[in-house]
Amino acid sequence: MYTRHHDGYIREKYVRRLEQEQAKTDWVLLYLIELTGEYVYEILERIEPMLQTWSEEQLKTFAAANDRYLQRIERRIISYWDIHQRTTYPVLWDSTYVGFRIAQFYRTYRANS
């Protein structure tokens, strides 16, 4: 799938391909969520609107079955923010940082599941 490639541009290209070709296939949701635990800002920007296309029921079901997994992804988001984005977005949970918006999105479904 090349979304694990060392070159961020190639990774972003294939995330776009996921968006175009398989946006509603069940396994894609898990794959996208895993990628949000990464540090490439442009990929997070690409994935954020893709997550919005999933139904509320699908997201609630996934969150209910995978609470610990989503907590781990949230910790990764915070960790990568601390390493790569903290100088640009110095406030923890600043909603202008896409990673924090995604983590909050997950929190919403975890709380409602």
Side-chain angles (χ1 to χ4, degrees):
M1 298 271 325
Y2 293 104
T3 57
R4 309 305 293 165
H5 197 277
H6 70 276
D7 184 328
Y9 293 107
I10 290 174
R11 292 167 75 176
E12 184 182 1
K13 173 184 172 183
Y14 283 95
V15 166
R16 273 191 257 119
R17 187 170 170 194
L18 277 176
E19 178 181 21
Q20 294 166 356
E21 294 180 9
Q22 303 181 31
K24 289 294 182 181
T25 305
D26 287 340
W27 65 268
V28 174
L29 179 60
L30 175 60
Y31 205 80
L32 292 175
I33 290 171
E34 180 68 23
L35 289 173
T36 62
E38 298 287 330
Y39 63 92
V40 181
Y41 184 88
E42 292 78 10
I43 289 177
L44 295 177
E45 286 183 318
R46 174 68 60 187
I47 292 174
E48 183 183 26
M50 292 171 70
L51 292 172
Q52 305 290 333
T53 66
W54 292 86
S55 77
E56 193 168 319
E57 191 58 39
Q58 287 173 305
L59 292 164
K60 283 181 181 179
T61 301
F62 183 86
N66 297 285
D67 185 63
R68 289 180 61 179
Y69 173 69
L70 289 173
Q71 288 177 29
R72 187 174 76 217
I73 294 296
E74 183 180 315
R75 288 190 302 270
R76 284 183 186 167
I77 289 170
I78 292 169
S79 178
Y80 281 124
W81 160 79
D82 186 40
I83 295 167
H84 299 284
Q85 301 294 333
R86 192 174 197 140
T87 56
T88 306
Y89 304 97
V91 178
L92 182 63
W93 294 110
D94 178 354
S95 65
T96 58
Y97 175 55
V98 64
F100 292 151
R101 290 193 307 268
I102 290 170
Q104 186 58 49
F105 180 77
Y106 297 156
R107 281 181 168 198
T108 300
Y109 286 100
R110 285 179 40 228
N112 293 326
S113 61

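Worth saying up front: this structure is predicted, and the values here are computed from it rather than measured.
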Please identify each residue that fulfils side-chain contact (heavy atoms from CB on, under 4.5 Å) with [X], with sequence neighbours left out.
| X | result |
| --- | --- |
| Arg101 | Glu48, Ser95, Val98 |
| Arg107 | Glu74, Trp93, Gln104, Arg110 |
| Glu57 | Ser55, Thr61 |

Roughly how far, to the nearest 0.5 Å, is [atom2] of [Y] from [atom1] of [X]?
| X | Y | atom1 | atom2 | result |
| --- | --- | --- | --- | --- |
| Gln71 | Asn66 | CD | CG | 11.0 Å |
| Leu35 | Ile43 | CG | CD1 | 6.5 Å |
| Thr53 | Gln58 | OG1 | CD | 8.5 Å |
| Ile73 | Glu38 | CD1 | CD | 8.0 Å |

(message) Using the rule given for side-chain contact (heavy atoms from CB on, under 4.5 Å), can you reason through Trp54 versus Val28, listing the C-alpha separation, both sets of side-chain angles and the distance that settles it, and then say yes or no?
(response) CA-CA 10 Å; Trp54 292 86; Val28 174; 4.2 Å; yes
Under 3.5 Å, which donor-acceptor pairs link side chains of residues 77-87 to any protein atom two or more places apart or in another chain?
unit_1: Trp81; atom_1: NE1; unit_2: Tyr89; atom_2: O; d: 2.7
unit_1: Asp82; atom_1: OD1; unit_2: Arg86; atom_2: NH1; d: 2.5

(request) Sequence neighbours left out, what passes ring pair (Phe, Tyr, Trp, His ring centres under 6.0 Å) with Phe62? Give chain and number order. (result) none
(message) Can you see whether Thr36 engages Tyr106 through a side-chain donor-acceptor pair at a distance of less than 3.5 angstrom?
(response) yes
(message) Would you say that more than 12 heavy atoms from the other residues, nucleotides or ligands in this model lie under 6.0 Å from the OH of Tyr41, or not?
(response) yes
(request) Begin with the C-alpha distance, continue with both residues' side-chain angles, and end with the deciding distance and a verdict on side-chain contact (heavy atoms from CB on, under 4.5 Å) for Leu51 and Leu29. (result) CA-CA 8 Å; Leu51 292 172; Leu29 179 60; 4.0 Å; yes
(message) Quick check: do Met50 and Val15 have side-chain heavy atoms less than 4.5 Å from each other?
(response) yes
(message) Counting C-beta onward and ignoring hydrogens, is there a side-chain heavy-atom pair between Leu59 and Phe105 closer than 4.5 Å?
(response) yes
(request) Go through Tyr97 and Leu44 one step at a time and tell me if the side-chain contact (heavy atoms from CB on, under 4.5 Å) criterion holds. (result) CA-CA 10 Å; Tyr97 175 55; Leu44 295 177; 3.6 Å; yes
(message) Which residues pass the side chain to side chain donor-acceptor pair (under 3.5 Å) test with Tyr69, not counting sequence neighbours?
(response) Glu34
